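First listed ligand is number 1; within each ligand, the first listed atom is number 1. Just so it is clear, the model here is predicted, and its values are computed rather than measured.
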Amino acid sequence: MTIKLTPLLTGLVLCLSLAACSQKPQAPDQLYQALGAQAGLEQLVDGLLQEIEQDKQIVHHFQDTDIPRFRRLLIEQLCELSGGPCTYTGATMQESHTGFQISQADFDNLVAHLMKVMQQQKIDIKAQNQLLALLAPMYQEVVYR
Ligand code: HEM
């Protein structure tokens with residue numbers, strides 16, 4: 001009897017200690033999938049570009065930017081950040097934003113546009129917050145460079 005129960009008890013103790021047995025294991029690309037994978041990210045960045053175009057406060061920063069290249073790199077970066085099958089090939093955030101004197105208000109505007117587009121695309125709120133949490137630390141590398 002003791003011998004038969006031992007594996008069961010071991011399993012139970014392992015379950016309790018991991019506290020994860022009742023939950024589905026999270027796939028490494030869980031956020032990427034929640035954002036709609038490649039097609040979802042393309043839609044997200046296209047929506048963001050439309051918002052930027054209409055925002056008089058920040059659009060001037062992009063006057064000399066190669067937009068198709070920026071679009072491709074931003075999609076690539078969001079794909080990699082969210083665990084998708086991509087490798088970001090652009091410049092570092094510090095390199096690419098140096099010389100633009102982007103203000104805190106500019107940064108907030110861009111984030112607000114991103115939030116609006118994610119809501120419009122009905123991205124799960126948890127995924128929205130996860131993405132914002134990944135972008136927030138980039139603030140230091142983007143603003144007043
Ligand atoms: C977390 C926030 C941000 C992320 C993830 C991000 C991401 C990127 C990426 C991936 C690039 C392309 C890099 C390359 O050219 O190799 C880029 C370029 C650029 N970003 Fe950002 N960016 C952010 C915030 C901002 C903000 C707030 C502004 C201004 C309102 C801005 C303006 C620009 C401009 C103007 C370029 C193009 C630079 C050029 O033409 O050479 N970015 N950004």
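Pairs passing the salt bridge (Lys or Arg N to Asp or Glu O under 4.0 Å) check and including a residue from residues 93-115, sequence neighbours excluded, do not occur.
The protein heavy atom nearest to atom 2 (C) of ligand 1 is Phe107 CE1, 3.8 Å. For atom 32 (C) of ligand 1, the nearest non-hydrogen atom of the protein is Phe62 CZ, 3.2 Å. When hydrogens are left out, the protein atom nearest atom 37 (C) of ligand 1 is Thr65 OG1, 3.4 Å; that is the closest non-hydrogen contact. Protein heavy atom nearest atom 5 (C) of ligand 1, with residue, atom name and distance: Gln77 OE1, 3.2 Å. The nearest protein atom to atom 13 (C) of ligand 1, hydrogens excluded, is given as Tyr88 OH, 3.4 Å; this is a heavy-atom distance. Nearest to atom 41 (O) of ligand 1 among the protein's heavy atoms is Phe100 CZ, 4.2 Å. Scanning all protein heavy atoms for the shortest distance to atom 35 (C) of ligand 1 gives His61 O, 3.2 Å. In this structure, atom 14 (C) of ligand 1 lies nearest to the protein heavy atom Leu73 CD1, 3.5 Å.
The two atoms that bring Gly83 and Tyr32 nearest to each other are C-CB, 4.1 Å, heavy atoms only. Here the shortest heavy-atom pairing between Val142 and Phe107 reads CG1-CD1, 4.0 Å. Ile58 and His113 make their closest contact through CD1-CD2, 4.1 Å (heavy atoms, listed as atom of the first residue, atom of the second, distance).
A side-chain donor-acceptor contact under 3.5 Å links Gln38 and Glu42. A donor and an acceptor atom, one from each side chain of Glu141 and Thr92, are nowhere located under 3.5 Å apart.
Near Ile58, the atoms of ligand 1 lying under 4.0 angstrom from a non-hydrogen atom of the residue are 30 (C). Within the listing of ligand 1, atoms 16 (O) sit less than 4.0 angstrom from a heavy atom of Gly90. Near Leu135, meaning under 4.0 Å from one of its heavy atoms, ligand 1 places the atoms 1 (C), 5 (C).
Counting heavy atoms of neighbouring residues, nucleotides and ligands inside a 6.0 Å radius, atom CD of Gln101 exceeds 12 of them. More than 12 heavy atoms of other residues, nucleotides or ligands shown are found within 6.0 angstrom of CE on Met138.
Judged by distance alone, the side chain of Arg145 and the main-chain N or O of Gln140 form a donor-acceptor pair under 3.5 Å. With hydrogens and angles disregarded, a donor-acceptor distance shorter than 3.5 Å links the side chain of Glu80 to the backbone of Tyr88. A donor-acceptor pair under 3.5 Å links the side-chain atoms of Gln121 to the main chain of Gln43, judged by distance alone. Checking side-chain atoms of Gln128 against main-chain N and O of Ile123 turns up a donor-acceptor pair under 3.5 Å.
Not a single heavy atom of Glu76 sits under 4.0 Å from any atom of ligand 1. Assignment of Tyr139 to the shell around ligand 1 is not supported, since no heavy atom sits closer than 4.0 Å.
Between Arg69 and ligand 1, a contact under 3.5 Å exists for at least one N or O pair. Below 3.5 Å of separation, one finds an N or O of Ala91 facing an N or O of ligand 1.
Val45 and Val59 fall into different hydrophobic clusters, defined by Ile, Leu, Val, Met, Phe, Trp and Tyr side-chain heavy atoms under 4.5 Å apart, directly or through other members.
Protein N/O/S atoms closer than 2.8 Å to atom 21 (Fe) of ligand 1, listed by chain and residue number, are His97 NE2.
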